[in-house]
Colleague: 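Pasting in a structure now, in structure tokens, and then I'll have a few things to ask.
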Amino acid sequence: MKKNLNSLLAMLLAVMLIFGMTPATASAAGRKPTPGKVTLTQISSPAYNKINIKWNRTSNATHYKIYYKKAGTSQWTSLATVSGSTTSYTHTSSKSRPVTPGQKYTYTVRGYNSKYKTYGSYDSRGLTTYTKPATVKLNRASLGSDKKSVTVSWNRAAGCNYYCVFRKTPSTGWKRLANVRDPYTVYTNRNPVKGQTNIYTVRGYYSPTKTYGNYNTRGLSVNVPKTGTPDKPQKVTPGPVTLSKISAPAYNKINIQWKKASNATHYKIYYKKSASSQWIGLATVSGNTTSYTHTNSNKTPIIPGQKYTYTVKGYNSKYNTNGPYNSKGLTISTKLDTVKLKNAVLSKDQKCVTVSWNGLPGNGFYYIYRKTPSTGWKQIGLTDYRFNSYVDKNPIKGQKNIYTVRAYVVFSNTYGGYDPKGVSVNVPSKPTPHKHSYTSSITRQPTCSKEGIRTYKCSCGHSYTESIPATRKHVWEDLGTDIWMDWSYSLQENTGPTKNSFDVYAANVCTGCGYYYGMVDDDNFFLRMDNHLDNPNSEHCLGGYTLLTVYEVHHLLECKNCSINKCGEFSHYEYIFTWYGHNDHIKLEDWQIKELGLPLDGTVKVTL
């Protein structure tokens, strides 16, 4: 008995091990499985805008959730959710999840079970790193034609807003020569170390976080002789430029004006933020120009409310010389325009008010304000530049609600003007029952065979239709007389006779020329033939004779709407003469009609 019990226990233990259970976990089988704690293994920054985090897989995790935060803050921000087979994730900078060079970021990972919706624990300390500007790729270092200067050039590097230029010699270490603002990628060293090899390199720098990128340690080398070329004759230098006026004609435009300077073939315009010391080149204009308008662009932006300083320098292109300039310059800022309001409309259920306005360029946000006759302006909403309307879901009931809108720029903390009158709407204390007020229009005209439709619409959107009886009046179109129709065997409805051509007589006709002679049994037949032969306007031929039918032809009418046909008014008499394989429809003249004794206006009377 004891032996059988031991065998049973052994079999139970084997089954538990197969399904990953221990005696301890078996007792907890009723609980939802929870992912284990994720172990972080590595963090790196492969580029100026990318950070990579790696971890080891943990138990019970169908997915992993990645979080990050700025170093020094306590708020984790969710980055992404990846599958349970993944053990790394690369965070690439975006507008909503930026990666700023030099800014330290901390990352952690948490296991997640999608079947049971359970989370595992995570490393609360995380792993921390930061990115650097990209390494600058050097282009060229060349000695100037005067043998006294060296010009260094390089390619633009991502993640920096300045380039720091360094120089060393075989006997000295690196020394910073200048800071060049991006996007400029050229620097001229006018005082190189003479008689030695001058070695240059460039390093990217991001000023908001004071972060340098890596650099080319070998650099670019140039041998500078001890003495340069003999001095050239005295160059002509432009005189100082006198600034006269600055103005801001629009939110995105600034105009600078100056007086002409001596010896200037051109003028160079510069600008800078008022708090900055770095002048930025804007444009070069001809020596006949005394004003320039700076228009906002991605390269040289103008932010409303931000103060900018401008100056102008004279330049002589013949001698390649620059004149002095006003280092203080002239300072100004642009303003946002006043938002132009459209209207304020009460909703159909009288519970909300929609305020709308015309879009205003140059701003980032719109602030929406409301007041009543008994209160002052109060901010009730905020929306970004993409929207030109706002819904007030809680207007003040039983009063006139007055609204206005004001534009705002975040970067310069600047507000635009606003309409103090605003747009208004009366909001009732209780919604009044709606009474339909319909306007009608014919949306389908009735025809002779089809009913029309009249549609009634209310301003609330409700509508209904009613039918308009068919007119039972045909709209006739004259198809002419080229078509002969006999529809006596047709099943369609017709209102007139069953044909539009009628047999009314028979005439004897010459088969040689088609001349009409009259009836065979006519007593005067031969007399008329003689008259025909004596007629100088007739052909003299003695062909055979045949008896042909004379037809009375009427117009054929057809209804435009239902395609029903009927016989129309009398048109003419004719007979059909066949010769040489052709059928000629020959109309009878009045004298021929009289010979036959037929009325000139037809024998068949049709009532139209």
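Since this is a predicted model, take the numbers as computed values, not measurements.
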Colleague: Give a yes or no on whether the backbone of Asn252 and the side-chain of Thr334 come within a donor-acceptor separation of less than 3.5 Å.
Modeller: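 Not confirmed, Thr334 side chain does not pair with Asn252 backbone.
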Colleague: Supply the atom-to-atom distance Asp419 CG to Ile402 CD1, rounded to the nearest 0.5 angstrom.
Modeller: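 It comes to 11.0 Å.
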Colleague: Are the side chains of Trp76 and Thr106 in contact, using a 4.5 Å heavy-atom criterion?
Modeller: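 Sidechains of Trp76 and Thr106: in contact.
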Colleague: Is any side-chain heavy atom of Gln399 closer than 4.5 Å to one of Val427?
Modeller: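 Result no, sub-4.5 Å side-chain heavy-atom pair not found.
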Colleague: If you measure only the distance, is there a donor-acceptor pair under 3.5 Å linking the side chains of Lys65 and Thr81?
Modeller: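 There is such a pair between these side chains.
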Colleague: Using a cut-off of 6.0 Å, state whether more than 12 heavy atoms not belonging to Lys457 lie near its atom NZ.
Modeller: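 No, because the 6.0 Å sphere around NZ of Lys457 holds 12 heavy atoms or fewer from other groups.
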Colleague: Are Lys342 and Val423 side-chain neighbours, meaning at least one heavy-atom pair lies under 4.5 Å?
Modeller: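 No, too far: nothing below the 4.5 Å cut-off.
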Colleague: Can you tell me if Lys272 has over 12 outside heavy atoms packed within less than 6.0 Å of its NZ?
Modeller: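 Above 12, so yes.
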Colleague: Do Asn155 and Thr185 meet the criterion of a side-chain donor-acceptor pair at a distance under 3.5 Å?
Modeller: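 Short answer, no.
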Colleague: Just wondering, do Arg57 and Tyr64 contact through their side chains at under 4.5 Å, heavy atoms?
Modeller: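 Yes, close enough: below the 4.5 Å cut-off.
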Colleague: Quick check against the 3.5 Å criterion: does Thr58 have a side-chain atom that pairs as donor or acceptor with the backbone of Gly36?
Modeller: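 Looks like yes, one N/O pair under 3.5 Å.
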Colleague: So, applying ring pair (Phe, Tyr, Trp, His ring centres under 6.0 Å) with Tyr408, which one of Tyr369, Tyr367, Tyr385, Tyr418 is it?
Modeller: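 For Tyr408, the ring pair (Phe, Tyr, Trp, His ring centres under 6.0 Å) check succeeds only for Tyr367.
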Colleague: Are any non-hydrogen side-chain atoms of Asn216 and Thr135 less than 4.5 angstrom apart?
Modeller: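 No, every pair of side-chain atoms sits at 4.5 Å or beyond.
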Colleague: Are Tyr390 and Tyr366 close enough that their ring centres sit under 6.0 Å apart?
Modeller: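 That pair fails the under 6.0 Å test.
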Colleague: Quick check against the 3.5 Å criterion: does Thr404 have a side-chain atom that pairs as donor or acceptor with the backbone of Pro420?
Modeller: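 No, because the side chain of Thr404 does not come within donor-acceptor range (under 3.5 Å) of the backbone of Pro420.
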Colleague: Do Thr265 and Ser317 meet the criterion of a side-chain donor-acceptor pair at a distance under 3.5 Å?
Modeller: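 A donor-acceptor contact under 3.5 Å links the two side chains.
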Colleague: Say whether Tyr315 and Asn320, considering side chains only, have a donor N or O and an acceptor N or O under 3.5 Å apart.
Modeller: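 The answer is yes; a qualifying pair exists.
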Colleague: Do the non-hydrogen side-chain atoms of Arg156 and Asp182 ever get within less than 4.5 Å of each other?
Modeller: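 Yes. Closest side-chain heavy atoms under 4.5 Å.
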Colleague: Counting C-beta onward and ignoring hydrogens, is there a side-chain heavy-atom pair between Ile396 and Arg370 closer than 4.5 Å?
Modeller: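 Counting from C-beta outward, Ile396 and Arg370 do come under 4.5 Å.
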Colleague: Do the side chains of Asn343 and Ser356 get nearer than 4.5 Å, heavy atoms only?
Modeller: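 They are in side-chain contact.
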Colleague: Strictly distance-based, threshold 3.5 Å: is any side-chain N or O of Asn52 a donor or acceptor partner for the main-chain N or O of Pro46?
Modeller: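 Side chain of Asn52 to backbone of Pro46, a donor-acceptor pair under 3.5 Å: no, none is there.
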Colleague: What is the distance from atom NE2 of His91 to atom OG1 of Thr131, rounded to the nearest 0.5 Å?
Modeller: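 The NE2 atom of His91 sits 10.0 Å away from the OG1 atom of Thr131.
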Colleague: Donor-acceptor pair, distance only, cut-off 3.5 Å: does the side chain of Thr129 make one with the backbone of Ser44?
Modeller: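 No.
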Colleague: How about Arg140: does its CZ atom have over 12 heavy atoms from other parts shown lying under 6.0 Å from it?
Modeller: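 Atom CZ in Arg140 is not crowded, with 12 or fewer foreign heavy atoms closer than 6.0 Å.
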